[in-house]
Amino acid sequence: MLHVDLLLLDLVIVLAAARLLGAVARRLGQPPVIGEIVAGILLGPTLLGPLIGDQLFGAEMRPPLQALANVGLVLFMFVVGLELDQKLVRGKGRIAVTVALGSTLVPFVLGCVLALGIAGDHVGGDRTLPFVLFMGAAMSATAFPVLARILTDRGMQRISLGGLSLAAAAVIDVLAWTVLAVVVGIAGAGDAEGQWKVLLTVPYALVMFLVVRPLLARLVPAYEKAGRLTPSLLSLVLIGLIGSAWATEWMHVHFIFGAFVFGAVMPREGAERLNHEILERLEQLAVLLLLPMFFVVAGLNVNLRALDLSSLGTLAAILAVAVGGKLLGSYAAARAQRLPNRPSWAMAVLLNTRGLTEIVILTVGLQKGVLDDELYSLMVVMALVTTAMTGPLLRRIYPDRRVARDIAEAERAALGVAAAHRVLTVVPGSPAEQAPLVELASVLARATSPSEVVLAHLRPYPQGRLEVGSGLSSELAELAETLHDLEGLAGTVRAHGPEVRVVSRFSGDVAAELPELVTGAQPDLVVLPADVSGYTGIRDGAVCRVVTVSPAAASGLQDSPARTAATSPGSADPAARTSAAGSATGPIAVHHGSGGDAAAHVALTLALLRDRPLVVVGGGRASALAQRLARLGVAATSGAVPAGALVVAPDTGTTVDGAHLLVRAEQDADPVDWAAAVSALRAPVSHP
């Protein structure tokens with residue numbers, strides 16, 4: 001007999017625990033579903049044990065709680081179908097589909113292999129096929145709603161990576177639900193009645209898309225005529241929703257498919273306000289009351305007390321297959337579509353999110369008898385782990401500053417503004433003597449289109465007191481002469497294509513103001529001499545790539561046969577000093593090792609745009625890079641630094657003897673795609 005007072009008490013406990021632990025999860029940067037499932041686990045036999053747990057949530061209480069949870073699941077799946085943006089897949093096309101296939105097939109196959117290995121311990125012989133297919137589907141699932149929430153919280157739905165991830169997750173959802181429908185059909189077709197009912201799924205789908213969808217489109221003019229969502233219109237939607245869920249359940253295909261399909265066939269064109277009001281009404285009931293009930297009830301079925309050491313081994317295998325299959329499958333597919341390394345890993349981490357979708361799938365498996373209680377508990381733990389790891393991993397792989405940069409680029413693209421690659425050059429002392437430095441900046445800017453060179457020059461105020469009259473006019477004349485020299489340098493850069501801006505003024509403290517000027521300019525690359533005032537502040541404060549020019553490098557920087565004698569501090573022999581500075585027509589040598597790819601990329605740029613040979617210096621990595629570049633048609637070899645070479649080295653904070661250019665990589669630098677880099681440097685560069 002049902003005790004209504006105990007049922008109401010259970011509802012109070014469940015809702016309070018769900019809200020409390022959901023809020024705790026949100027404070028910890030996790031989706032609320034994590035806290036709601038943990039609440040169910042804590043209220044179940046794992047913590048309360050059979051004594052208290054059976055009194056509060058005993059056998060007679062489970063059916064009514066499960067019934068309420070199922071109603072919440074119907075509403076939730078309808079909302080998922082209604083919110084599924086079908087334009088996502090069309091807009092992203094081949095990349096999203098390829099990544100979705102990789103993210104589905106690899107964990108599906110690995111899940112099937114794992115299921116074959118453990119089937120003897122968990123299912124009988126006649127249930128092996130649905131069990132194997134079910135484990136494959138469960139391993140390959142991605143939680144589209146949780147993924148969307150994570151992206152929205154970080155603002156990543158506004159950038160290309162977020163759009164691609166959502167599109168891929170939408171395709172994965174369709175694939176996972178399709179496989180699950182097949183599994184449920186096989187598992188439920190134990191008798192003749194079940195077999196013929198499953199065959200009705202194809203006519204059902206045709207009726208929904210060809211008959212029901214046009215009928216639902218008539219809701220739009222009725223809504224516009226009424227000016228609001230009337231009780232009659234909402235009742236029609238609920239009747240159709242529940243009827244669709246009943247039909248698929250009657251056909252031995254789980255009711256979640258009927259709810260999802262009904263949401264997918266709801267009208268889209270011109271129905272934005274109607275759908276918004278429907279979501280507003282149903283989400284409050286589903287998300288605040290019934291859906292937390294579903295996740296808590298799902299947690300009540302988890303009993304971690306019953307697990308032993310063998311269960312821990314099975315859990316380790318499940319986690320290895322689930323995480324490894326998702327990450328490797330998604331990453332390999334993204335790289336096959338030529339996505340950069342870091343966005344590929346970020347997308348793989350995002351698609352590893354399981355959360356709500358996984359719990360729904362596992363609940364179906366438990367209800368249909370495909371999973372036993374032990375394996376269900378282990379799979380729920382896997383769902384929690386994979387969902388909880390998404391946020392921290394994503395922040396490490398794709399930090400907030402990269403997201404902010406991508407959002408800014410997306411906003412500029414939306415406004416039709418092309419973001420120029422900005423090379424900021426710090427010009428010290430007399431500008432007339434800095435032609436080699438500016439020439440270097442010009443070459444590096446020509447590697448990217450569109451590009452912009454900023455010449456930054458700060459001059460200290462003269463010592464002593466400025467007097468009104470002739471004293472002030474002499475300072476203005478000096479500033480005018482400096483601007484004239486800077487404009488001469490700017491004209492040289494413009495002749496090569498890039499746009500140029502000149503920033504020149506007096507400063508009371510050059511060493512303090514230069515780092516602020518560089519930071520405010522938000523450059524993509526900084527070129528500066530090692531002996532400039534405020535060098536340490538500029539280098540440490542810049543988040544972009546920084547190229548430091550040694551005092552001995554001047555004669556090797558100009559793209560002309562003329563040689564200038566550049567002296568190196570402490571060098572006595574003029575011939576030796578000239579050789580150390582690097583020949584204007586000699587090779588480019590680069591030390592390649594643990595400092596990343598930035599120095600090698602700068603050296604490659606100088607070699608290709610100056611038509612010079614490239615020598616890669618170092619160990620096995622250097623030889624491998626030289627061979628790879630040679631296969632791409634670059635005149636690249638490996639070996640020792642040749643005489644007269646312009647030497648480029650990574651700037652790792654340690655001194656590199658004989659280096660003319662030190663290159664520090666930008667923060668969160670991606671490995672260089674050498675094939676793409678060579679192709680871009682050889683392509684004709686057009687500048688506005």
Side-chain angles (χ1 to χ4, degrees), residues 421 423-425 434-449 451 453 492-493 496-498 524-530 544-550 552-564 566 579-592 595-618 622 625-626 628-630 632-639 641-651 656 658-666 672 674 676-685:
H421 184 80
V423 178
L424 188 143
T425 309
Q434 302 302 326
L437 182 72
V438 176
E439 173 71 24
L440 172 65
S442 173
V443 174
L444 297 178
R446 283 156 50 198
T448 306
S449 178
S451 61
V453 176
T492 303
V493 177
H496 290 97
D524 300 291
L525 173 67
V526 173
V527 179
L528 76 166
C544 61
R545 184 178 293 184
V546 178
V547 176
T548 301
V549 182
S550 72
S555 65
L557 295 180
Q558 283 187 288
D559 193 12
S560 68
R563 297 288 302 275
T564 57
S579 176
S583 169
T585 57
I588 306 294
V590 58
H591 291 272
H592 186 59
D597 294 340
H601 186 239
V602 167
L604 176 68
T605 301
L606 295 174
L608 288 183
L609 294 184
R610 294 273 187 80
D611 194 22
R612 299 196 199 182
L614 177 66
V615 180
V616 187
V617 181
L625 177 60
R628 184 173 183 183
L629 293 175
L632 294 171
V634 179
T637 57
S638 60
V641 177
L646 179 68
V647 182
V648 184
D651 184 359
V656 180
H660 304 124
L661 303 180
L662 293 177
V663 182
R664 196 206 67 184
E666 62 269 35
V672 174
W674 295 110
V678 171
S679 176
L681 289 169
R682 284 180 171 157
V685 179

Closest heavy-atom pair and its distance - [X], [Y]:
X	Y	value
S638	A622	CB-O, 4.3 Å
V647	G658	CB-O, 3.5 Å
V526	C544	CG2-SG, 3.7 Å
L525	H421	CB-NE2, 4.4 Å
V590	A603	CB-CB, 3.6 Å
P642	P587	CG-CG, 3.5 Å

For V547 and L444: C-alpha separation, side-chain torsions, deciding distance, then whether side-chain contact (heavy atoms from CB on, under 4.5 Å) applies. CA-CA 10 Å; V547 176; L444 297 178; 4.2 Å; yes
How far does [atom1] of [X] sit from [atom2] of [Y], to the nearest 0.5 angstrom?
X	Y	atom1	atom2	answer
L661	L646	CG	CG	5.0 Å
L625	W674	CG	CH2	5.0 Å
R610	L440	CZ	CG	7.0 Å
L681	T605	CG	OG1	4.5 Å
L528	T548	CG	OG1	5.0 Å

Under 4.5 Å between any side-chain heavy atoms of P529 and L437, yes or no? yes
Close side-chain approach of V546 and D651, heavy atoms under 4.5 Å: no
Tell me, please, which residues at least two apart from D524 pass salt bridge (Lys or Arg N to Asp or Glu O under 4.0 Å). none
If the test is side-chain contact (heavy atoms from CB on, under 4.5 Å), which one of V663, V641, V648, V616 qualifies with H591? V641
Heavy-atom donor-acceptor pair, R545 side chain to E666 backbone, under 3.5 Å: no
Measure from the side-chain N and O atoms of R664 to the backbone N and O of A599, and report whether any donor-acceptor pair falls under 3.5 Å. no
